[in-house]
Engineer: 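Supplied in structure tokens, the structure appears directly below.
In listed order, ligands and their atoms are each counted from 1. Along the sequence shown, residues are numbered consecutively beginning with 1.
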Amino acid sequence: MAKKQAPKIIMVSNRGAYNLQATDSGIQPVPAISGLVSAVEPFLKEKGGVWVAWGGREAPQENSPGVRLPVPQEDPAYTFLEVPLTAGEIKLYYQGFTNGALWPLCHYFLEKCRYNSQEWSTYVRVNAKFAEAALMEAREGDTVWVNDYHLALVPAQIRHRKPQLKQFFFWHIPFPHHDLLATLPWAPQILRGLLGTDVVGFHLQSYVDNFLNAVATLLGARVDFEHNVVYWQQRRIHAGAWPMGVDYQAFQRQALNPETRARAETLRCQFGVEHLALSVERLDYTKGILERLLAWERLLEEVPEWRGRAALVQIAVPSRTAVPAYRRLKEEVEAAVGRINGRFSEGSYRPVHYFWRGLPRQELVAYYLAADIMLVTPLRDGLNLVAKEYVASRRDSSGVLVLSRFAGAAQELKGAVLVNPYDIDGMAMILNTALNMGRAEQEKRMRLLQEKVRRHDIRWWLTCFHQAMIAREEETADVSGS
Ligand code: G6P
């Protein structure tokens with residue numbers, strides 16, 4: 001008799017922990033850096049399972065099969081299963097519907113949204129490809145965990161074929177108010193898609209509220225707002241707010257590493273100023289890079305004593321470069337950097353150091369250690385893990401976190417200096433305060449922040465989800481047993 005396999009996790013997301021690259025020795029998985037990866041990969045490494053994702057490359061042919069690889073290569077722990085996408089699908093589904101419609105919509109950039117029915121139909125088709133790949137892997141007792149706005153239809157597509165399969169969904173970006181969502185011609189389909197899951201998670205309760213209001217208003221679903229439950233097609237769907245954490249101990253260890261510390265010292269000497277401010281993010285219009293540069297420029301205009309003494313290091317990680325809005329932003333950011341440096345450079349002093357590249361983890365932590373103030377000032381952000389990473393890396397509890405009130409993390413991170421990134425003058429004055437903050441005040445705030453980030457770390461986040469799923473299973477058992 002065939003041995004019954006232990007239940008496994010099938011992770012599904014548009015981008016996984018690896019991008020696939022064709023080399024002379026065949027297809028190689030190249031690690032991808034993102035918050036989602038650092039959050040869920042340790043879980044898969046520990047428990048095993050399958051990660052179904054696009055490999056970030058153009059499929060060689062229309063019907064090319066997806067690559068299946070044991071990963072990490074040096075010590076395989078789970079399977080990476082590629083969902084191959086053609087050039088047309090990448091254009092219409094990834095650059096088009098997900099990043100030209102859903103992304104700006106969920107971040108309240110209505111003027112950037114482009115709604116196109118061909119892009120929508122490709123989104124439906126690509127979601128079905130992901131669902132099919134997950135279904136091929138799923139056996140009785142397995143759990144499918146789907147992530148993010150790229151794959152909102154997958155839960156219902158799976159539910160339709162395998163109604164008993166356990167499903168999680170985590171929405172990693174803001175969930176907009178239903179008035180805004182209603183501008184999307186296919187909003188009801190998106191909501192019906194999500195309601196295929198058993199448990200749906202968001203970073204904040206306000207996103208949960210927006211989701212519950214949307215299903216009530218746009219679908220007429222019955223909702224128990226007190227318990228975050230939706231009643232839909234004879235099923236109960238539980239929603240919950242679980243803000244993602246970071247691996248606090250791993251950042252602390254990295255910050256203790258002598259090589260990292262030496263590198264931080266070198267960076268400080270290289271930039272050669274008394275006060276170093278740092279920003280790190282994907283080059284994305286939601287991140288408020290331009291507004292921050294304007295505030296930095298205003299600070300140097302209004303408070304000239306910072307000229308020659310304070311510099312901003314802006315690391316902008318290349319992102320979605322085929323989407324026109326991202327290309328335009330790059331030009332605008334680079335023009336602003338050029339203007340500010342042209343106005344305020346003096347001898348070897350540069351007020352802004354701009355890098356258009358990503359950084360490996362160790363180098364990133366060296367920058368976190370070198371920075372006296374960390375500027376995380378998005379116009380809108382689902383949560384923001386960079387803010388938590390900075391806090392987790394500050395071993396001596398010095399440093400100031402300047403955080404946008406429109407970053408989801410602002411709700412948790414009491415102790416940060418909050419700013420409104422739309423108010424350039426106000427932001428410039430807050431930068432001045434942050435640069436002047438004394439050591440005792442810095443430590444008081446940083447300890448508060450560290451306590452929060454340490455307690456609500458990545459293990460806490462995974463446990464929350466796990467418990468929600470167990471509660472859901474017990475409830476199902478009660479219903480079927482009664
Ligand atoms: C956000 C999304 C992720 C996405 C990441 C990078 O954090 O929530 O799902 O993977 O941005 O964007 P990209 O388009 O490069 O995958």
Engineer: Under a 3.5 Å cutoff, is there a donor and acceptor pairing between the side chains of Glu89 and Thr122?
Structural biologist: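 There is no such pair (donor and acceptor under 3.5 Å, judged by atom type) between the side chains of Glu89 and Thr122.
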
Engineer: Quick one: ring pair (Phe, Tyr, Trp, His ring centres under 6.0 Å) partners of His238, sequence neighbours excluded?
Structural biologist: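 By the ring pair (Phe, Tyr, Trp, His ring centres under 6.0 Å) rule, His238 matches no residue at all.
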
Engineer: Not counting sequence neighbours, list each pair that qualifies as a ring pair (Phe, Tyr, Trp, His ring centres under 6.0 Å) and has a residue in residues 51-72.
Structural biologist: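 Those involving residues 51-72 are Trp54-Tyr94.
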
Engineer: Give the protein residues with at least one non-hydrogen atom closer than 4.0 Å to an atom of ligand 1, ordered by chain and number.
Structural biologist: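 Those residues closer than 4.0 Å to ligand 1 by some heavy atom are Arg15, Tyr94, Trp103, Asp148, His150, His172, Ile173, Arg282, Arg320.
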
Engineer: Run the ring-centre check on Phe406 versus Tyr108 and record whether the distance is less than 6.0 Å.
Structural biologist: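 Between Phe406 and Tyr108, the centre distance exceeds or equals 6.0 Å.
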
Engineer: Sequence neighbours left out, what passes salt bridge (Lys or Arg N to Asp or Glu O under 4.0 Å) with Asp247? Give chain and number order.
Structural biologist: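 Asp247 satisfies salt bridge (Lys or Arg N to Asp or Glu O under 4.0 Å) with Arg459 only.
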
Engineer: Could you report the tightest heavy-atom contact between Trp242 and Trp461, atom names first, then the distance?
Structural biologist: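 In terms of heavy atoms, the two residues are closest at O-NE1, 2.8 Å.
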
